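Letters A, B, ... are given to chains in the order of the sequence lines, protein chains preceding strands, and every chain is numbered from 1. Remember, it's a predicted structure, so these values are computed and weren't measured experimentally.
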Amino acid sequence: MERDYKPEVIEPAIQAAWDDQQIYKTTEDPSRPKFYCLCMFPYPSGKLHMGHVRNYTIGDVISRYMTMQGYNVLQPMGWDAFGMPAENAAIKHELPPAQWTYDNIDHMRSQLKRLGFGYDWDRELATCQPDYYRWEQWLFTRMIEKGLAYRKKARVNWDPVDQTVLANEQVIEGRGWRSGALVEQREIDQWFIRITDYADELLDDLEHVDWPEQVKTMQRNWIGRSQGLEFSFERPGDAPRLEVYTTRPDTIMGITYVAVAAQHPIALEAAESNPEIAAFIESCSQMSVAEADLATAEKRGMDTGQTVIHPFTGKPLPIWIANFVLMDYGSGAVMAVPAHDQRDYEFAKAYGLPIQPVIKPVGDDPSYDLSQAAWCEKTGITVNSGEFDGLNFEQAFQAVAQAIESQGIGRVTTNYRLRDWGVGRQRYWGCPIPVIHTDEGLKPVADDDLPVVLPEDVVVDGSGSPLGQRMDFVETIDPSTGRPARRETDTFDTFMESSWYYARFASAYSNDAMLDTHANYWLPVDLYIGGIEHAILHLLYARFFHKVLRDLDLVTSDEPFKKLLTQGMVLKDGSKMSKSKGNTVDPQELIDRYGADTVRLFTMFAAPPELSLEWSDDGVAGAHRFLKRIHALVQAHVQTGQHSLQGKVDVDGLDESSRDLYRKLHETIAKVSDDLGRRYHFNTAIAAVMELTNQAAKFEATSAEAQRVYSEVIEAIVLLLSPITPHLCESLWEALGHSESLVKVSWPTVNEAALVRNALTLVVQVNGKLRSRIEVAADASQDEILAVARADEQVAKFLEGMIEKKAIVVPQKLVNLVVTPA
RNA sequence: GCCGGUGUGAUGGAAUUGGUAGACAUACCGGACUUAAAAUCCGGAGAGGGUAAACCUCGUGCCGGUUCGAGUCCGGCCACCGGUACCA
């Protein structure tokens with residue numbers, strides 16, 4: 001054992017030993033319970049950043065802890081390798097995206113190994129490999145067969161200069177990020193998957209997963225199941241009826257206009273004869289398609305001059321075109337009730353449309369002020385509504401729905417905010433959509449012809465899709481007719497690959513099926529760890545895929561991720577680390593300087609996982625100091641030769657300070673086990689070990705029995721820290737005379753006898769304010785405790801001239817005496 | 001805009017079920033060791049009052065409420081962060 005702590009010597013040696021023994025290779029083992037611990041795989045952007053280090057350290061700590069608890073742990077790693085950054089890098093460096101990606105993967109893999117994560121590398125995958133994506137293509141053709149995949153028109157951001165489709169993040173203040181051109185909206189044919197077929201199940205099954213409540217709430221709101229009324233307005237003459245959907249039928253008598261989306265047929269028809277309307281619709285199309293932009297845009301609109309007829313009053317209502325109405329939601333038209341909907345209100349104010357209140361709050365409500373804002377609560381009573389007057393929300397909903405249904409013009413329906421998933425991307429670096437365009441229409445590629453391999457030797461220049469220019473890719477033959485056909489040049493959304501990789505890890509060696517029976521040994525994932533930013537999209541898509549896989553009999557479970565742990569971001573100087581802010585910290589420099597264990601220790605100590613983590617260079621140095629201290633403490637102990645003292649500690653035979661240390665030891669074991677196994681709060685686990693270390697460092701052993709206590713403490717410190725700083729702990733464990741790797745050692749258990757206390761310290765409050773502390777026997781009765789509390793000198797001062805009204809005793813904790821002046 | 005979260009000393013954080021606010025660290029200050037420095041070790045420390053100790057008052061983003069008791073629960077605000085369907 002080295003005299004000084006030298007991580008640069010210890011860590012590579014320990015890692016080499018792990019490799020030699022293939023200690024992290026996993027196979028099925030029916031004799032032990034399984035535990036599948038998965039971290040969200042990284043996009044290979046170049047090098048690891050602090051967010052990765054944090055995420056993967058959390059996973060590794062839990063995996064190591066569970067292994068020591070006797071579980072058969074699977075912890076795999078791979079690469080989310082398709083995506084836009086590879087194309088951007090290709091344009092910048094004139095490198096093929098594939099080469100850039102594979103180089104990055106090689107570098108990042110070596111960084112992960114240097115950090116000592118216990119991955120089963122034999123299961124590694126990269127989503128850009130044909131061996132992986134062929135099964136995605138296979139699954140998609142099954143979806144086409146089952147009618148789950150279909151084509152429809154969808155709007156995209158179009159850059160007229162670069163002649164390319166832009167992602168939302170590439171549209172900056174309405175302009176293309178590279179060309180600076182005003183972005184337009186275009187309608188193109190796209191592939192969609194019917195995730196809405198599973199909307200109810202996706203919503204209801206949230207009750208059966210052990211996920212943070214906030215994430216479940218976000219998913220519920222995203223799916224947005226609502227009961228509403230779908231009905232149509234009659235229009236003058238023989239104009240076709242206008243279909244609308246509303247969740248507020250109770251406000252139907254307050255409609256003062258109706259609004260349609262700019263792409264609605266009524267709007268397009270009006271534009272034909274009115275150049276002003278045409279110009280307005282044109283200006284609406286110069287806008288990003290992002291929801292945040294649409295929702296915050298100034299509300300604008302135009303009167304079409306057309307009307308609809310109110311189903312109950314028979315009065316005409318104007319039809320407006322409004323930029324806040326979405327063509328994709330409902331029927332692309334809404335009934336506007338400005339008194340009780342904020343968007344309708346703002347629009348009405350802007351264009352001088354009438355505001356007709358039809359709901360009144362019960363009693364006084366200061367928020368009811370229609371000169372300032374709409375009143376949108378569902379807690380009021382209908383007024384000004386003729387036959388529907390005096391009803392609450394429920395009653396008014398039913399009455400209006402019935403009246404509409406009896407007219408035969410509408411019905412109550414369930415609606416979802418969730419939209420079908422558009423999976424087509426007009427980009428190169430993605431999985432080719434396995435479809436050919438033939439003279440007989442679209443045809444899925446047959447299983448035997450899969451995979452459709454993406455050509456990797458291309459030049460990307462930022463305009464148009466390189467795939468469309470590759471005639472050797474595009475031109476093909478329709479196998480059923482022998483006639484020429486063209487391959488689809490769109491690729492999949494990269495969320496497709498990340499929606500099933502967790503299952504492929506569990507079935508990594510299956511060459512002739514997407515998943516084989518091994519998948520069901522490991523699935524579902526017991527713990528899934530990743531950034532909170534994936535709370536909706538990725539996690540919802542993966543849940544959807546899992547249900548599709550289940551319905552194809554590929555998996556037996558209903559949900560992919562039993563438990564979810566979401567981590568916060570890594571910040572520096574209060575904001576997200578980014579190249580543009582110049583506040584990035586490169587983990588590699590820290591590993592080179594302090595070693596992997598220090599980096600792991602700091603990232604776990606600085607904050608609990610779900611909070612954002614504020615980076616601190618001083619904090620890293622402090623973590624390193626602690627490890628040096630541990631190293632010195634264990635080394636000193638080994639040099640005394642006392643570490644070989646064996647035998648069980650006899651609790652009753654201990655002197656007071658030994659007994660205190662022994663109790664602290666077992667309190668610490670209990671605390672750390674709870675923090676690592678249940679709470680996932682590593683910062684407090686580390687703090688507890690630090691407290692134990694501080695107490696141990698002050699301890700002087702005056703007997704053989706005390707030496708035994710101290711030996712047990714030193715060994716426990718090494719064991720308790722080993723999931724977090726495995727290299728140092730392995731080397732110390734060996735120095736303490738053990739030959740087996742810590743990975744194979746059992747986690748220490750709590751000796752309940754050590755926790756027993758004879759006396760307790762209780763806090764005494766008078767009127768809720770802390771006034772004193774008292775010592776009482778652990779088995780003292782309430783009356784005895786109160787007597788001691790009242791007799792306490794400090795407490796008595798505050799009882800003088802007072803009458804005691806009440807006395808509260810919280811066992812093991814405190815006494816509160818409630819008094820008033822006599 | 002909408003949905004979800006966060007806010008505690010100089011700093012990161014602790015307080016797990018409504019019961020001692022500030023554990024454990026970092027930075028800082030003082031001391032020991034040293035010719036000196038670094039490293040290491042020991043000690044101090046929320047703010048205000050008090051010569052000091054004892055002790056007292058205030059204090060968990062802001063305003064209000066519930067409770068014997070609120071960082072924790074409820075109502076209303078403010079600031080910041082994440083998501084917002086083509087960033088991953």
Practice prompt. To the nearest 0.5 Å, tell me how far L467(A) CG sits from D490(A) CG.
Written response: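 Interatomic distance, L467(A) CG to D490(A) CG, rounded to 0.5 Å: 9.0 Å.
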In whole Å, I'd like the distance from the [atom1] atom of [X] to the [atom2] atom of [N].
{"X": "N683(A)", "N": "rU16(B)", "atom1": "CG", "atom2": "C1'", "value": "12 Å"}
{"X": "Q214(A)", "N": "rG82(B)", "atom1": "CD", "atom2": "C1'", "value": "10 Å"}
{"X": "K805(A)", "N": "rG69(B)", "atom1": "NZ", "atom2": "P", "value": "14 Å"}
{"X": "N168(A)", "N": "rG83(B)", "atom1": "CG", "atom2": "C1'", "value": "13 Å"}
{"X": "L627(A)", "N": "rA25(B)", "atom1": "CG", "atom2": "C1'", "value": "13 Å"}
{"X": "L540(A)", "N": "rA88(B)", "atom1": "CG", "atom2": "P", "value": "17 Å"}
{"X": "Q219(A)", "N": "rG4(B)", "atom1": "CD", "atom2": "C1'", "value": "12 Å"}
{"X": "L537(A)", "N": "rC3(B)", "atom1": "CG", "atom2": "P", "value": "18 Å"}

Can you tell which of [options] lies closest to the side chain of [X]?
{"X": "M569(A)", "options": "rA88(B), rC81(B), rA85(B)", "value": "rC81(B)"}
{"X": "I808(A)", "options": "rG5(B), rC68(B), rU40(B)", "value": "rC68(B)"}
{"X": "P85(A)", "options": "rG13(B), rA88(B), rU20(B)", "value": "rA88(B)"}
{"X": "M690(A)", "options": "rA88(B), rU20(B), rA25(B)", "value": "rA25(B)"}
{"X": "W222(A)", "options": "rC41(B), rU84(B), rU57(B)", "value": "rU84(B)"}
{"X": "A606(A)", "options": "rG69(B), rG12(B), rC58(B)", "value": "rG12(B)"}
{"X": "R417(A)", "options": "rU57(B), rC87(B), rA85(B)", "value": "rA85(B)"}
{"X": "K806(A)", "options": "rC68(B), rA15(B), rC87(B)", "value": "rC68(B)"}
{"X": "K628(A)", "options": "rU20(B), rU40(B), rC24(B)", "value": "rU40(B)"}
{"X": "M218(A)", "options": "rA88(B), rG82(B), rA14(B)", "value": "rG82(B)"}

Fill in: Residue pair N104(A), W79(A): steps toward the side chain to side chain donor-acceptor pair (under 3.5 Å) verdict
CA-CA 10 Å; N104(A) 289 347; W79(A) 309 96; over 6 Å; no
Quantified in whole Å, what is the [atom1] atom distance between nucleotide [N] and nucleotide [M]?
{"N": "rA47(B)", "M": "rG22(B)", "atom1": "P", "result": "14 Å"}
{"N": "rU11(B)", "M": "rG48(B)", "atom1": "P", "result": "15 Å"}
{"N": "rG31(B)", "M": "rC80(B)", "atom1": "C1'", "result": "42 Å"}
{"N": "rU66(B)", "M": "rU72(B)", "atom1": "C1'", "result": "14 Å"}
{"N": "rU84(B)", "M": "rC28(B)", "atom1": "P", "result": "41 Å"}
{"N": "rC74(B)", "M": "rU26(B)", "atom1": "P", "result": "37 Å"}
{"N": "rU60(B)", "M": "rG4(B)", "atom1": "P", "result": "27 Å"}

Item to complete: Quickly, which of W429(A), F82(A), W500(A), F492(A) forms a ring pair (Phe, Tyr, Trp, His ring centres under 6.0 Å) with Y133(A)? Name it, please.
Response: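 For Y133(A), the ring pair (Phe, Tyr, Trp, His ring centres under 6.0 Å) check succeeds only for F82(A).
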Quick one: is [X] getting a side-chain N or O under 4.0 Å of the [N] phosphate, OP1 or OP2?
{"X": "K769(A)", "N": "rC58(B)", "result": "yes"}
{"X": "N767(A)", "N": "rG69(B)", "result": "no"}
{"X": "T217(A)", "N": "rG4(B)", "result": "no"}
{"X": "R629(A)", "N": "rC41(B)", "result": "yes"}
{"X": "N694(A)", "N": "rA25(B)", "result": "yes"}
{"X": "R625(A)", "N": "rA38(B)", "result": "no"}

Regarding [X], tell me which of base, sugar-phosphate or nothing describes its non-hydrogen contacts under 4.0 Å with the strands shown.
{"X": "T684(A)", "answer": "sugar-phosphate"}
{"X": "G224(A)", "answer": "nothing"}
{"X": "K299(A)", "answer": "nothing"}
{"X": "Q190(A)", "answer": "base"}
{"X": "V818(A)", "answer": "sugar-phosphate"}
{"X": "R678(A)", "answer": "base"}
{"X": "L294(A)", "answer": "nothing"}
{"X": "H538(A)", "answer": "nothing"}
{"X": "E691(A)", "answer": "sugar-phosphate"}
{"X": "Q765(A)", "answer": "base"}
{"X": "F605(A)", "answer": "base"}
{"X": "Q342(A)", "answer": "nothing"}
{"X": "N816(A)", "answer": "base"}
{"X": "F626(A)", "answer": "nothing"}

Discussion item. Just to verify, which of T693(A), L601(A), T725(A), D597(A) counts as forming a side chain to side chain contact (heavy atoms under 4.5 Å, CB included) with I630(A)?
Written reply: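 Result for side chain to side chain contact (heavy atoms under 4.5 Å, CB included) with I630(A): T693(A).
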Quick check: do [X] and [Y] have side-chain heavy atoms less than 4.5 Å from each other?
{"X": "V165(A)", "Y": "N157(A)", "answer": "no"}
{"X": "I803(A)", "Y": "V819(A)", "answer": "no"}
{"X": "Q190(A)", "Y": "K153(A)", "answer": "no"}

Worksheet item: Syn or anti: how is rG9(B) classified when any glycosidic angle within 90° of 0 counts as syn?
Response: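 Nucleotide rG9(B) adopts syn.
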Fill in: First of A687(A) and F798(A) reached from the 5' end of RNA chain B, by closest nucleotide
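Counting from the 5' end, the first nearest nucleotide belongs to A687(A).
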Item to complete: Return the 5'-most residue of the pair A290(A), F41(A) with respect to RNA chain B, ranking by each residue's nearest nucleotide.
Response: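 By nearest-heavy-atom nucleotide position, the 5'-most residue is A290(A).
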Worksheet item: Are E691(A) and K671(A) close enough for a salt bridge, meaning some N to O gap below 4.0 Å?
Response: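 So E691(A) does not pair with K671(A) through a salt bridge.
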Fill in: Lys/Arg N to Asp/Glu carboxylate O, R425(A) vs E488(A), below 4.0 Å
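Salt bridge between R425(A) and E488(A), a charged N being under 4.0 Å from a carboxylate O: no.
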Worksheet item: Under the 6.0 Å and 45° cation-pi test, does R343(A) pair with F324(A)?
Response: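 Judged by the rule, R343(A) and F324(A) form no cation-pi pair.
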Worksheet item: In the strands shown, is rG1(B) matched to any nucleotide by a Watson-Crick or G-U wobble pair with both distances under 3.5 Å, and which?
Response: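 When the pairing criteria are applied, rU84(B) turns out to be the nucleotide that pairs with rG1(B).
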